[in-house]
Amino acid sequence: MKAAQRHRGFTLIEIIVVIGLLGVISTLGSVLFYKMSDGWQRILVRAELDAKADRIFNSMRADFAHVLSANLSQVPLRGFEDQARLEMLEHVPVADDRIVIPVQVPAAANR
């Protein structure tokens, strides 16, 4: 009787299946990585916009703290209307409304 021959190694089918599975797994991994990095970028942009809005509103709050009433200042609120143009869309007119508000400047700011 012949001794049973031992075959070592993988068949071509097994190698092709493993390469296909690795391709699917790597594709899924790269898609998930892209989505996570895109989501992280959106979070960073939103946080930056929130911080900018907070700074603007704090500045407005500080400015409006010094607003005088029209009765105290004897100066009425004046409005201006002007037509401006957006820089990116030059053919689109945009109403540029401005209001002049009388304020009282704190004494420490005069130094």
Side-chain angles (χ1 to χ4, degrees):
M1 253 173 58
K2 288 186 175 180
Q5 293 180 354
R6 294 193 165 199
H7 295 282
R8 295 188 184 241
F10 302 102
T11 64
L12 183 59
I13 300 290
E14 291 172 335
I15 292 175
I16 290 174
V17 168
V18 169
I19 289 174
L21 289 175
L22 287 176
V24 169
I25 291 171
S26 64
T27 301
L28 288 175
S30 64
V31 167
L32 289 176
F33 178 77
Y34 172 75
K35 286 186 178 185
M36 286 179 19
S37 64
D38 187 44
W40 181 254
Q41 186 65 30
R42 287 182 186 196
I43 288 172
L44 289 178
V45 168
R46 185 169 185 153
E48 184 179 327
L49 288 174
D50 285 344
K52 188 182 286 188
D54 283 342
R55 286 192 303 270
I56 289 171
F57 285 129
N58 287 337
S59 175
M60 288 173 64
R61 195 174 294 116
D63 289 344
F64 285 133
H66 303 293
V67 171
L68 293 175
S69 70
N71 293 334
L72 286 176
S73 67
Q74 301 299 320
V75 176
L77 297 178
R78 294 181 294 167
F80 295 98
E81 189 171 326
D82 191 11
Q83 290 294 320
R85 300 222 179 257
L86 289 176
E87 292 178 16
M88 297 180 73
L89 304 171
E90 295 180 7
H91 61 281
V92 178
V94 177
D96 184 16
D97 298 327
R98 298 180 192 180
I99 298 176
V100 176
I101 301 173
V103 296
Q104 180 180 5
V105 179
N110 290 335
R111 292 183 188 184

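Within a 6.0 Å radius of CG in Leu44, other residues, nucleotides and ligands contribute more than 12 heavy atoms. Heavy atoms of other residues, nucleotides or ligands lying less than 6.0 angstrom from CD of Glu48 number 12 at most.
Annotation: the span from Thr11 atom OG1 to Ile16 atom CD1 amounts to 8.5 Å, rounded to 0.5 Å. Residue Leu21 holds its CG atom at 10.5 Å from OG of Ser26, rounded to the nearest 0.5 Å.
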Identify all side-chain donor-acceptor contacts of residues 50-62 below 3.5 Å with residues at least two apart in sequence or on another chain.
{"unit_1": "Asn58", "atom_1": "OD1", "unit_2": "Arg61", "atom_2": "NH1", "d": "2.6"}
{"unit_1": "Asn58", "atom_1": "ND2", "unit_2": "Asp54", "atom_2": "O", "d": "3.2"}

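Asp38 pairs with exactly one of Arg42, Met36, Lys35 by the side-chain contact (heavy atoms from CB on, under 4.5 Å) rule, that one being Arg42.
Ile19 and Phe10 fall within a single hydrophobic cluster, where Ile, Leu, Val, Met, Phe, Trp and Tyr are joined by side-chain heavy atoms under 4.5 Å apart, directly or via other members.
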